Protein chains: 2
Amino acid sequence: MGKREINRDEKRQLIVTTARHLMQLRDVSDFSMRTLAEVAGVSSATPYALFGSKQAVIAAVMDNDFADFMAALTAEPNRGFDVFFSLVDVTAALFEKNPSYYRTGAQAIQATTDQTLSSHFSLPRHGLLKDLVSDAIERGEICHQINPDSLALNLGHQFYGWIQAWAKGNITLPDMVARAQYGLGLGLAAVATEASRAQLLEQVVAIQATLPEAGVLKTKPTPNKKQEAVS
Amino acid sequence: MGKREINRDEKRQLIVTTARHLMQLRDVSDFSMRTLAEVAGVSSATPYALFGSKQAVIAAVMDNDFADFMAALTAEPNRGFDVFFSLVDVTAALFEKNPSYYRTGAQAIQATTDQTLSSHFSLPRHGLLKDLVSDAIERGEICHQINPDSLALNLGHQFYGWIQAWAKGNITLPDMVARAQYGLGLGLAAVATEASRAQLLEQVVAIQATLPEAGVLKTKPTPNKKQEAVS
DNA sequence: GGTCTAACTAAAACACGTTTTAGTTTTGTT
DNA sequence: AACAAAACTAAAACGTGTTTTAGTTAGACC
C-alpha cells in the first residue's frame, strides 16, 4: 500500500472519528457537513470525495460498531429462544449508553436511498438472525418447514422498525424493548414446536401486560423546529 | 362561516388538489414547494401559512384517501382471517393504480417528525386493525388472552414497514404483498386458537415458497442521483 | 363609508446537502 | 530532476425546505 492510499485512509479515519464525535454531542442531534469539514480541518468537498454523501459518512461511522454489538451479544449465554430476547436487550443497552449517536445513525440508515449502503447494514445483521433461527430449527425448537431466511427477514424487519420508531422519538427505549420482544415472541411462537410454544406464549402475554396503549403517544411539545426535508 | 373562512378553505382545497396532481405525475416523484406554489398560482409562502410544512400538505392530500381505502376494503367479503390478507391485497391494488402518488405519500409520512401528523395517519388505520382483531377474538379465532390493541399495533407496524420498504424502492409490490402477508400470517398463527392455527400455518408456508431470498436486492443501477437530506 | 385586521403576496434570505470549477499540493514514475 | 496523475482545497453555485420582511388586498365591524 503506497503512501497515497495510506494518506487517504488516514483522512478517511479522521473524518470518521470527527463525525462520530459530533454524533455523540447531545443536544446537537444533527451535524452539518460544513461543520464536520470545519472541525476535521478539511475542505467540505473532501468527505464527498472520500465517501460520496453524508449518509455514507455516517454509515462508515456505524460500521465499527457491529463488532461491539456481536461481542456484547455473544457474551450472554444463549439458551433456547432467549437469544432473540437478549438480542433486543443488548441493543437497547447500547442505545442507552449513547442515545443521540445511535439515533442519528438509525435515522441516516433509514433515510438513505442507496441500496448499497442499506444492504451493507442489513446483511450482516440479517445473517446473524438467520444463524440463530437455523440453530433453533436444528435444536427442534422451530418446526422444520420454516425457511430460516424468510423468518429471519421478518423478525429483523420488525425489530428494525421498532428501532426506527425509537430513533424518531415516537416511543421510549423501554417501549422499544417491549414492543420488539412482543413482536419477536409472536413470530417465534407461530412457528415453535409444541414443546416450546406454550412457554413462549406465556412470555408474550407477560410482555403484553407491560405495553402501553397505542395512540397514547409520548407527549412531546414538538417545538416546531425546522422540519426535515421530504424528498 | 364567514366569507373569510370560505376563501381560506377554497385556497386550501386548491393547494391540496394541485399537490395531488403533482404527486400523480410519473417520472416526477418529487415536487418542490416552489413549483407547487407556481402551479397553484399562489405565493410560495401561502402553503406554509395554511399548512405549516410540505409534509402537512401531503398529509392533507392523503387524508382524502382513507375513505376510499375503507370502501375498497369493506367491498370484499371478510371471512375469518382472510380479512387481514385482503387488507394487504386491497392496499397493493391501490398502490398499483398510482404508484408515484402513494410512494411520495408514504415517504412523506415516514419522514415527518411531527407527531400530530403521524398519529393523524396511524390512528384510524390502527383502529381498523384493532376492530378486526377484536372481531376475530369474539369469533373465537384468536385466543382471548390477547390484547387487541397490542396485537393490532404489532400487525400494523409490520405492514407499515413493508409499505415503507416498497416506497423506498427496496422491494417490488408483489414482494411487499408476500412479505406483509407472511408477517401477518405469522403474527396471527401465534395467537390463533387450535382450530384455525393449522390452516393459517399452511398459508404461511405457501407464501414462504414465493418469497425471494433476502440479500437478493432489486438490482437498480442507483444512478447516483442527488441524495436525499438526512437530518 | 371608514377603519381595523387577518390573509395573502412578492421577494429576499437562511441553512442545508451536494456539485462544480479551478487551482494547488502530494505522490509515483520515468 | 521532470513530469503526470491523483488527491485535496477553497469558494462559488445550485436546488431544496422554510422563514422573514414589508407591502397589499379583502372581509368584518362600527
Side-chain angles (χ1 to χ4, degrees), chain A residues 1-15 18-19 22-23 28-59 104 107-108 110-114 117 222-231, chain B residues 1-15 18-19 22-23 28-59 104 107-108 110-114 117 222-231:
Chain A
M1 190 163 68
K3 214 164 191 181
R4 234 187 182 82
E5 283 85 3
I6 293 182
N7 279 0
R8 200 189 49 179
D9 285 4
E10 274 174 358
K11 197 144 276 188
R12 278 181 71 100
Q13 200 54 47
L14 170 65
I15 290 173
T18 312
L22 288 179
M23 285 170 70
V28 190
S29 68
D30 44 359
F31 67 95
S32 75
M33 292 299 268
R34 286 178 171 85
T35 63
L36 169 61
E38 191 184 352
V39 174
V42 127
S43 162
S44 53
T46 304
Y48 287 97
L50 294 179
F51 295 90
S53 69
K54 180 179 185 180
Q55 288 158 10
V57 172
I58 298 180
T104 309
Q107 284 170 353
Q110 139 68 40
T112 193
T113 53
D114 185 337
L117 275 190
T222 313
N224 212 4
K225 66 158 192 177
K226 228 168 92 188
Q227 304 276 353
E228 323 285 309
V230 173
S231 164
Chain B
M1 187 165 68
K3 215 162 191 182
R4 234 188 182 83
E5 283 86 4
I6 293 181
N7 279 359
R8 198 189 51 181
D9 284 4
E10 274 173 0
K11 198 144 272 186
R12 278 182 71 101
Q13 200 53 48
L14 169 65
I15 290 173
T18 311
L22 288 178
M23 285 170 71
V28 188
S29 69
D30 43 2
F31 66 95
S32 74
M33 292 298 267
R34 285 178 173 84
T35 63
L36 169 62
E38 192 184 351
V39 174
V42 130
S43 163
S44 52
T46 304
Y48 287 97
L50 294 180
F51 295 90
S53 70
K54 179 179 185 179
Q55 288 157 12
V57 173
I58 299 179
T104 309
Q107 284 170 353
Q110 139 67 41
T112 192
T113 52
D114 184 338
L117 275 191
T222 313
N224 212 5
K225 65 157 192 176
K226 231 167 90 188
Q227 306 276 353
E228 322 285 311
V230 172
S231 160

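Just so we're clear, the structure is a prediction, and the values are computed from it rather than from any experiment. Naming: A, B, ... by sequence-line order, numbering from 1 per chain.
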(message) Any side-chain N or O of B:Asn7 below 4.0 angstrom from OP1/OP2 of D:dG27?
(response)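 True: B:Asn7 side-chain N/O within range (under 4.0 Å) of D:dG27 OP1/OP2.
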
(message) Closer than 3.5 angstrom, by distance alone: can the side chain of A:Lys54 be matched with the main-chain N or O of A:Pro47 as a donor-acceptor pair?
(response)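 Flag not set: sc A:Lys54 to bb A:Pro47 has no pair under 3.5 Å.
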
Can you tell me how far [atom2] of [N] sits from [atom1] of [X], to the nearest Å?
| X | N | atom1 | atom2 | value |
| --- | --- | --- | --- | --- |
| B:Glu38 | D:dG15 | CD | P | 13 Å |
| B:Leu36 | D:dT16 | CG | C1' | 14 Å |
| A:Phe51 | D:dA7 | CZ | C1' | 14 Å |
| B:Met33 | C:dA13 | CE | P | 21 Å |
| B:Glu10 | D:dG27 | CD | C1' | 13 Å |
| B:Arg12 | C:dA7 | CZ | P | 12 Å |
| B:Asp9 | C:dA6 | CG | P | 17 Å |
| A:Lys11 | D:dA7 | NZ | P | 12 Å |

(message) According to side-chain contact (heavy atoms from CB on, under 4.5 Å), who are the partners of A:Ala56, at least two apart in sequence or on a separate chain?
(response) A:Phe51, A:Ser53, A:Leu117

(message) If the condition is side-chain contact (heavy atoms from CB on, under 4.5 Å), which residues does A:Arg34 pass it with, not counting sequence neighbours?
(response)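 Scan of A:Arg34 (side-chain contact (heavy atoms from CB on, under 4.5 Å), adjacent residues dropped) gives A:Ser32.
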
(message) Go nucleotide by nucleotide along DNA chain C from the 5' end; which of B:Ala49 and A:Thr35 gets its closest nucleotide reached first?
(response) B:Ala49

Looking only at the side chain of [X] (C-beta and beyond, no hydrogens), which of the listed nucleotides [options] gets closest?
| X | options | value |
| --- | --- | --- |
| B:Lys54 | D:dT20, D:dG17, C:dC8 | D:dG17 |
| B:Tyr48 | D:dT18, D:dT16, C:dG17 | D:dT18 |
| A:Ser32 | C:dG17, D:dG17, D:dC8 | C:dG17 |
| B:Ser43 | C:dA10, C:dT18, D:dA10 | C:dA10 |
| B:Arg34 | C:dT20, C:dC16, D:dG17 | D:dG17 |

(message) For a quick test of reading the model, state the closest non-hydrogen atom pair linking A:Val57 to A:Ala19 and the distance between them.
(response) CG1-CB, 3.8 Å

(message) For A:Ala40 versus A:Leu14, what's the shortest heavy-atom pair and its separation?
(response) O-CD2, 3.5 Å

(message) What contact category does B:Arg8 fall into here, base, sugar-phosphate, or nothing, at under 4.0 angstrom with non-hydrogen atoms?
(response)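 It contacts sugar-phosphate atoms only.
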
